[in-house]
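Since the structure comes first, as structure tokens, the remarks are kept for the end.
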There are 2 protein chains.
Amino acid sequence: MVERLSKRGKNILQAVVSEYIATGEPVGSRTISKKHNLDLSAASIRNVMADIEEIGYLSQPHTSAGRIPTDMGLRYYVDCILTVRKLTKKEKQNIDRTYRPQNLQLIDIMKETSSLLSNFSQYTGIIIAPKFGNMIFEQIEFIKLRKNQILAVFIPKVGKVRNKIIETEEELSQDELHKFTKYLNEILSDLSLKDVRKKIINEMKKEKNMCDWLLSQALRLSQEAFSSDMDDDVFIDGKFNIFDCPEFCDMEKVKTLFRAFEEKNILVKLLDQVIQGEGIQIIIGTENQFQEMQECSIIASPYTWGENASGTLGVIGPTRMNYCDIVPMVDYTARTVSKIMDTKYQ
Amino acid sequence: MVERLSKRGKNILQAVVSEYIATGEPVGSRTISKKHNLDLSAASIRNVMADIEEIGYLSQPHTSAGRIPTDMGLRYYVDCILTVRKLTKKEKQNIDRTYRPQNLQLIDIMKETSSLLSNFSQYTGIIIAPKFGNMIFEQIEFIKLRKNQILAVFIPKVGKVRNKIIETEEELSQDELHKFTKYLNEILSDLSLKDVRKKIINEMKKEKNMCDWLLSQALRLSQEAFSSDMDDDVFIDGKFNIFDCPEFCDMEKVKTLFRAFEEKNILVKLLDQVIQGEGIQIIIGTENQFQEMQECSIIASPYTWGENASGTLGVIGPTRMNYCDIVPMVDYTARTVSKIMDTKYQ
DNA sequence: ACTTAGCACTCTTTGATGTTGAGTGCTAAA
DNA sequence: TTTAGCACTCAACATCAAAGAGTGCTAAGT
């Protein structure tokens, strides 16, 4: 983002944005000259505002109203003006405390985090669990159910145990299944799920030549077990906080936004973009490609676990969010979660 | 419900209710005398309406408005006036077809049902999965994870496989665990989960005397495995249809209702009352104890599986629902689901 | 060359006022 | 017992004026 504003322009944009974030109403020149001691008269401010509007950073709902920042304006504000505040000790402690309890399962961490994000921000907190494909293989077990049904139990190093029922053509004895698992647990240990899938395909190619029936069965089975495109686990909290935002007083808006919340894969896609980058990322209004969400901003950060970037967390709120407060909070939360994930699972 | 209305009174209440259900607006005497050929003038209808209002079955939003039925009025209508219509062949086929695909897992049946109920009614469809306690034991397996961690996998005859991680004090070998499961699978086979819990407690008492270390370990473990008060599985579909009801144009109302939807245990409690009774049950507005839901009616029916009453399904909508259409549809769906559950799992 | 006071102008918001229409309750006649 | 007729009530709607917030422009001040 190019620096397109003079010092004065910045100050005034800053004032408009912060006033707008506080009130949600269009901001007039008088208000600024009074509340923000820029030592300028309303008239001067008006002139500058007109300039800024021309660039496209401000807009007027109607002729005789004040200005509100456009998405572009907010983007400039976030990139070139905003200096986030530091969290107080107390706030940090509050976040730390969330993860203090012993014996938190992954699922608890997720729930606590989404609720933390939502409570702090007073908007909607969201966290996406580590990607299935990034999970590290620890163990697989096959349990014989009925004649041609086998339950595959996949146990990752971290994360939720997953079951899958597999139908087989031939009947397999539990003994055979034990052999399978022993073999698989050996060759797959410590691989990420992605690599597991690759490895299985490679092994199958090898096996084609060697023609060991048991092994090829084992591989076939494991392929099925890992084939599923498991849903991403999304934890959302505080959906209803948006009811309290004056900008969402319109039924239609709420309706579409909620449909987006329901469509979890919209959220996943949106936040998956964040996982590529590093550190806090902010998506403002129309910057995201989903119409349903274009009244919202997302402040998100990837959190890591070990070396794999593993998930994303963040806050969804109206574009007029308090970026100054929420950005450092999301950041600190992401760091804390990363730390916890590391220590919990060596 | 006592018969408190004359034939004429009934006809007029019937007219008011059906008109109100159709339009959602207060109904005036003129409208009735015109549209429903009762061969009475508006003036006569007015007189009767005043009588009905006195009993408490109708009310006026304000002096110069028409009448709307009260919850009591709707209750009388449902009990003493309503004759439900029969489903057409096509509608029945539509419902049947939902369950035709082979290889539907329980979870699919649930999803399809909630969506079916919602689509047909244009309101919110809901189904509660068979109670955990009513599930029939088929198999349990213990898998050793790490030193003192064991994964218990519980496989019911019907329903979702469930995992639970158990921490133990002593380390147990996989061999020992095999012995445990063999023993447990024998003594628990075909019991309902409730009975399983009882049986385990009984066996533990016996064991205290016999002092077989392995057995008592096995029992302790299984007790832990079955201790969890698993969440009820609630499947809801079409939450957002209520946005389209004119009576929910008020933000506050939507807000509270949605909070109730979120609090799944409100829904569970509400529908659990239905499981006691037999056949279709209708809960109108303030008849339910939850304030959040007192603008809604619930049309629900238990569905069975084998001999155990096992779950509930139904439709949640505004009190001015089309009872005449939705009641038979919920009924038929409940019967169909029961049938499917029976045939799928002998 | 900036800055700013002053002013005319625009446009929303608010409240007051009147009108319309749906619906009621009562009365008296059929 | 029914119903036509009539006076009355009240929400909903439209119209209008006044207030207020804010702008843009101009001309004078620094």
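Letters go in sequence order (proteins before strands), and every chain restarts at 1. Atoms considered below: every heavy atom in the structure, side chains included; atoms not considered: hydrogens, waters and symmetry mates.
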Review item, side-chain donor-acceptor pairs of residues 258-269 of chain B, under 3.5 Å, at least two apart:
none

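In this structure, the helix from C/dA1-D/dT30 to C/dA30-D/dT1 shows an angle of 20° between the axis at its start and the axis at its end, each fitted on 5 base pairs and rounded to 10°.
In the model, A/Ser297 has a side-chain atom that pairs as donor or acceptor with a side-chain atom of A/Tyr323 under 3.5 Å.
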*Nucleotide by nucleotide, 5' to 3', does protein get under 4.0 Å of the base (B), only the sugar-phosphate (S), or neither (-) in nucleotides 11-30 of chain C, counting heavy atoms?*
BS---------BSBB-----
*Assess whether side chain to side chain contact (heavy atoms under 4.5 Å, CB included) is satisfied between B/Ile45 and B/Ser41, documenting all intermediate values.*
CA-CA 6 Å; B/Ile45 291 175; B/Ser41 75; over 6 Å; no
_B/Asn241/B/Asp244 under side-chain hydrogen bond (donor to acceptor under 3.5 Å, both in side chains): CA gap, chis, key distance, verdict_ = CA-CA 6 Å; B/Asn241 286 344; B/Asp244 298 326; over 6 Å; no
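Residue B/Thr286 forms a side-chain contact (heavy atoms from CB on, under 4.5 Å) with just one option from B/Met293, B/Gln294, B/Met72, and that option is B/Gln294.
Between B/Ser301 and B/Ala334 the shortest heavy-atom distance is OG-CB, 3.4 Å.
Residue A/Leu38 contributes atom CG, which lies 12 Å from atom P of C/dT3 at whole-angstrom precision.
At C/dT3, none of the side-chain N or O atoms of A/Ser44 fall inside 4.0 Å of OP1 or OP2 (strictly under the cut-off).
For A/Ser118 (side chain) and A/Ser114 (main-chain N/O), no donor-acceptor pair under 3.5 Å exists by modelled atom type.
A salt bridge links B/Arg85 and B/Glu91; the closest N-O separation between the charged side-chain nitrogens and carboxylate oxygens is under 4.0 Å.
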